[in-house]
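Lettering of chains follows the sequences in order, A, B, ..., and the numbering in each one begins at 1. All values derive from a computational prediction rather than experimental measurement.
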2 protein chains.
Amino acid sequence: MSRPPRARESVLDAYEDVVIADGPAAATMDAVARAAGVSKGGLLYHFASKDALQSAVIERMSSRGVAEMADVATSPVGAIAAFMRSSIMHNTPFDRTIVTVSRLAQNGDAVASDALRRLRDVWEETLRPHTRDETALQLVMLVSDGLYFNNALSTGSVPGPDLDDDALGALIALVERSAV
Amino acid sequence: MSRPPRARESVLDAYEDVVIADGPAAATMDAVARAAGVSKGGLLYHFASKDALQSAVIERMSSRGVAEMADVATSPVGAIAAFMRSSIMHNTPFDRTIVTVSRLAQNGDAVASDALRRLRDVWEETLRPHTRDETALQLVMLVSDGLYFNNALSTGSVPGPDLDDDALGALIALVERSAV
DNA sequence: GTCTATATACAGATAGAC
DNA sequence: GTCTATCTGTATATAGAC
């Protein structure tokens with residue numbers, strides 16, 4: 001927990017790479033081992049099962065997600081703007097982790113789904129004091145969900161609103177007018 | 001295309017049931033056959049491969065999605081409100097189909113991803129004349145994406161903003177004030 | 001800590017009876 | 001049009017050498 005072994009972390013990174021690029025279906029132990037540059041046996045030394053790999057990436061998301069929200073809450077540009085900006089993907093470690101877990105959830109992993117719901121609840125609680133009422137809070141949460149969803153889809157090849165920085169700025173301004 | 005065989009349609013329904021309840025990973029040919037109440041051989045008479053099953057559900061989504069949007073565009077309550085209401089899940093045939101395809105896309109199916117992007121483009125074009133500017137259009141699209149995303153996750157067990165009808169009404173009013 | 005080799009299981013798909 | 005039986009490939013996981 002405190003100082004995770006380097007090799008373990010890099011295997012976890014490789015797992016995320018494969019899930020993001022090709023989807024959970026393609027993330028076999030063989031494929032992950034190849035991506036991590038180790039043999040299957042080497043992979044299984046660090047993660048005794050595929051389930052262990054999934055659990056580890058889910059824990060990683062939860063801890064990174066709470067840390068991210070602490071930054072958002074204290075951002076100088078305001079929590080709402082910071083939250084919305086954090087919702088578009090910049091391929092940060094946290095972005096990659098949450099996309100991975102979202103895909104596992106969509107694939108039917110109940111543990112991943114639960115972890116996502118809990119994280120979303122933390123975000124909602126954090127933002128509530130920064131919005132004028134419940135409706136405004138829902139607006140912010142849903143736009144953020146939409147940004148995430150589109151970006152999550154687009155990585156392994158897909159849609160996306162393709163918001164450039166100006167468009168995102170305008171959207172944030174609009175949401176702040178409506179919600180803050 | 002014009003008058004699809006009943007048995008074929010009910011197999012497709014069963015496929016959606018399994019994907020929605022347990023995810024694409026659990027939607028094996030065996031599981032689908034069981035859900036459809038036929039043997040594996042019977043299933044394979046209608047759909048010669050798993051790929052054929054996926055293609056069929058994707059085509060189903062595209063045709064149903066265009067039909068849905070025609071209704072939205074001519075709704076008496078206005079296109080934006082109708083669109084937002086249509087974005088929350090009521091377990092309609094179309095809802096079930098789009099959730100299924102979303103999950104296939106998240107699973108790494110590129111054909112599913114492309115079909116979703118094309119459908120989203122159709123929606124965007126349809127709504128553009130009903131919004132005051134591009135930013136407003138993006139707001140509407142993203143809230144809709146967020147509603148879909150949450151609902152899509154929640155079926156196989158997950159999150160969801162749990163908007164009741166009053167809350168949805170308030171949200172629609174807020175978005176219309178901001179975007180129409 | 002990392003490897004090769006292998007056991008076990010199961011998914012997708014075929015063949016052919018009814 | 002639906003069935004049973006079966007082949008083949010591939011995925012997870014174990015055993016044990018280095």
Any Y45(B) side-chain N or O less than 4.0 Å from OP1/OP2 of dT2(D): no
Whether W123(B) and Y148(B) hold their rings parallel, tilted or perpendicular, with breakpoints at 30° and 60°: parallel
Given dA13(D), dC3(D), dA13(C), the nucleotide with the shortest approach to the side chain of M29(A): dA13(D)
Of the listed nucleotides dT12(D), dA13(C), dT4(C), the one nearest the side chain of K50(B): dA13(C)
Salt-bridge contact R6(A)-D13(A) (side-chain N to carboxylate O under 4.0 Å): no
From dA13(D), dT2(D), dT14(C), nucleotide with atom closest to L44(B) side chain: dT14(C)
Rounded distance in Å - CG (L53(B)) to C1' (dA11(C)): 14 Å
Rounded distance (Å) that lies between atom P of dT2(D) and atom CG of L43(B): 11 Å
Atom pair CZ (R103(B)) and CD1 (I20(B)), whose distance is rounded to the nearest 0.5 Å: 7.5 Å
Atom pair CZ/CZ of R64(B) and R60(B) - distance to nearest 0.5 Å: 4.0 Å
Interatomic distance where CZ belongs to F47(A) and P belongs to dT14(D) [whole Å]: 16 Å
Touch class at under 4.0 angstrom, heavy-atom based, for T28(B) against every strand present: sugar-phosphate
Length of the NZ-C1' vector between K40(B) and dA13(C), whole Å: 8 Å
Which nucleotide in dA11(C), dT12(D), dC3(C) has an atom nearest any side-chain atom of D30(A): dT12(D)
Between dT12(D) (C1') and Y15(A) (OH): distance, integer Å: 13 Å
Spacing of R6(B) atom CZ relative to dT2(D) atom P, expressed in whole Å: 13 Å
